[in-house]
Amino acid sequence: MDPLSETAIAELGRLCPDGVERGVDLSAVSQWRIGGRADLVLRPASTAEVSALTSWFAARGIRPVVIGLTSNLLFDDAGLRVPCIQIGARMAQISLEGARVRAQAGIWVPGLARRLMQAGLGGAEHICGIPGTLGGLICMNGGSQRKGIGSNLLEVESVTSDGVVHTRPAQEGGFGYRQSVYQANGEIITAATLHLPTRPRAEIRAEMRAILADRRRKFPRKEPNCGSVFVSDPALYAQHGPPGAIIESLGLKGRRIGDALVSPRHANFIVNAGAARSVDMLALIQEISQRSMTELGAPLRAEVRYVASDGTTCPATQAHKDALAETAP
Ligand SMILES: Cc1cc2nc3c(=O)[nH]c(=O)nc-3n(C[C@H](O)[C@H](O)[C@H](O)COP(=O)(O)OP(=O)(O)OC[C@H]3O[C@@H](n4cnc5c(N)ncnc54)[C@H](O)[C@@H]3O)c2cc1C
């Protein structure tokens, strides 16, 4: 069944009341301000709705894309022809019980960090400046100060691609440096339980303020961006330093393709300096990675994930060359 037919839209509306939107301009909603039109975006309000939607799609052989706040995503200018499930503000409840905190996956990470500080729970200060959802953070095992959220988790609730809800202990989440099982298993994270030690609120607040001040000083703030574009490679790091220093040493700070610009403020950030297209971003990301390969012997690998119009999602350095050709003028 065509998910855009009137019958399908009516059925989806019953499974996800008030959460169905057609024809969403991704360049208006994505953090990089890049992307074409998404045919269908669904914003469920509970795990039960996520399960009902995924079962409905599985029964019709349709594989939707899952997104959070898009702070780590590059959408194609061709948009999205498959349905997109966005876990966000409609799934943002939190409950605290001693050192255990259960939060829905759509909660905004800086807001979660603030709630933890107010409750006097430490250990997750490192997430306070990350502008995504908890679900996106867990999928990316995001963090700062050389930490990842995986080490703060007890368990993660997710929904499989055929609608089954299950809870996985954190040890089975495959958490490594910016890695988790959720990047490949097609499950949708719906909630998580964190376990955090108590810590004086003043100490937590002071640490968070220092982290935020440091980020304000170092990162570009005005132009649309997706945070660090490349992950740190241990071998490259040992010899040449972090990705920003490597990009600078390759002479690529300030390099521009179209309106995609390596930030003059921090070289591991690529900003949209106006009307950048996905093809510009991909070309610049791949040029940087290849220059690292030819001049330093190892490529830089992208943390940012590219979403093709058929929903295929992969690190932007692995985007197929066709993506560069398809959208070229
Ligand atoms: C200014 C800026 C600063 C940043 N700083 C940091 C930083 O310090 N550390 C860091 O790690 N990252 C950082 N990031 C990157 C980004 O914010 C994180 O990766 C964030 O956790 C992504 O969350 P999101 O909700 O935006 O996910 P999205 O970007 O929407 O999605 C990212 C990936 O997660 C998947 N995903 C999203 N939600 C779910 C879900 N519910 N279930 C399953 N999969 C899901 C998507 O399919 C996609 O593959 C920064 C970004 C910006 C713009």
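For the numbers below, each heavy atom of this structure counts, side chains included, while hydrogens, waters and symmetry mates do not. We count ligands from 1, going down the list as the structure has it; atoms in each ligand are counted the same way. All residue numbers in this chain count up from 1 along the given sequence.
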Do me a favour and list the nearest non-hydrogen protein atom to [atom] with residue, atom name and distance?
{"atom": "atom 35 (C) of ligand 1", "answer": "C139 SG, 3.5 Å"}
{"atom": "atom 1 (C) of ligand 1", "answer": "N225 OD1, 3.4 Å"}
{"atom": "atom 41 (N) of ligand 1", "answer": "I189 O, 3.0 Å"}
{"atom": "atom 28 (P) of ligand 1", "answer": "T70 N, 3.6 Å"}
{"atom": "atom 6 (C) of ligand 1", "answer": "R215 NH2, 3.7 Å"}
{"atom": "atom 38 (N) of ligand 1", "answer": "G136 N, 3.5 Å"}
{"atom": "atom 52 (C) of ligand 1", "answer": "G227 N, 3.3 Å"}
{"atom": "atom 24 (P) of ligand 1", "answer": "L69 N, 3.5 Å"}

Return a yes/no value for [X]: is any of its N or O atoms, backbone included, closer than 3.5 angstrom to an N or O of ligand 1?
{"X": "Y182", "result": "no"}
{"X": "G68", "result": "yes"}
{"X": "N72", "result": "yes"}
{"X": "L137", "result": "yes"}
{"X": "T133", "result": "yes"}
{"X": "Q31", "result": "no"}

Output yes when [X] and [Y] qualify as a salt bridge under the 4.0 Å nitrogen-oxygen rule, no when they do not.
{"X": "E125", "Y": "R199", "answer": "yes"}
{"X": "E287", "Y": "R255", "answer": "yes"}
{"X": "R37", "Y": "D39", "answer": "yes"}
{"X": "R43", "Y": "E49", "answer": "no"}
{"X": "E6", "Y": "R22", "answer": "yes"}

Euclidean distance, [Y] [atom2] relative to [X] [atom1], rounded to 0.5 Å:
{"X": "F230", "Y": "R301", "atom1": "CZ", "atom2": "CZ", "result": "11.5 Å"}
{"X": "T7", "Y": "D2", "atom1": "OG1", "atom2": "CG", "result": "9.5 Å"}
{"X": "L282", "Y": "D76", "atom1": "CG", "atom2": "CG", "result": "7.5 Å"}
{"X": "R81", "Y": "D310", "atom1": "CZ", "atom2": "CG", "result": "10.5 Å"}
{"X": "I247", "Y": "S263", "atom1": "CD1", "atom2": "OG", "result": "10.5 Å"}

*Would you call R178 a ligand 1 contact, heavy-atom distance under 4.0 Å?*
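It does, in that a heavy atom of R178 comes within the 4.0 Å cut-off of ligand 1.
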
*asked:* For atom 26 (O) of ligand 1, which of the options S71, S30, A105, G143 provides the nearest non-hydrogen atom?
replied: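 Looking at heavy atoms only, the winner is S71.
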
*Which option out of V65, L73, V50 puts a heavy atom nearest to atom 48 (C) of ligand 1?*
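Heavy atom nearest to atom 48 (C) of ligand 1 belongs to L73.
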
Under 4.0 Å to a heavy atom of [X] - the qualifying atoms of ligand 1, by number:
{"X": "G142", "answer": "11 (O)"}
{"X": "C226", "answer": "51 (C), 52 (C), 53 (C)"}
{"X": "P131", "answer": "2 (C), 3 (C), 4 (C), 17 (O), 50 (C), 51 (C), 52 (C), 53 (C)"}
{"X": "I87", "answer": "41 (N)"}
{"X": "R305", "answer": "49 (O)"}
{"X": "G135", "answer": "38 (N), 39 (C), 41 (N)"}
{"X": "M140", "answer": "19 (O), 33 (C)"}
{"X": "E187", "answer": "43 (C)"}

_Over 60° means perpendicular and under 30° means parallel, so tell me whether F175 and Y182 are parallel, tilted or perpendicular._
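Ring orientation of F175 relative to Y182: tilted.
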
*Is there a side-chain contact between C139 and Q183, using heavy atoms and a 4.5 Å cut-off?*
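C139 reaches Q183 side chain to side chain.
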
*R305 versus L74: any side-chain heavy-atom pair under 4.5 Å?*
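A side-chain contact under 4.5 Å is absent here.
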
*Just checking, is any N or O donor in the side chain of H166 or E187 under 3.5 Å from an acceptor N or O on the other one?*
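The answer is yes; a qualifying pair exists.
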
*Does any N or O in the side chain of S289 come within less than 3.5 Å of the main-chain N or O of T317, such that one atom is a donor and the other an acceptor?*
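A pair under 3.5 Å: no.
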
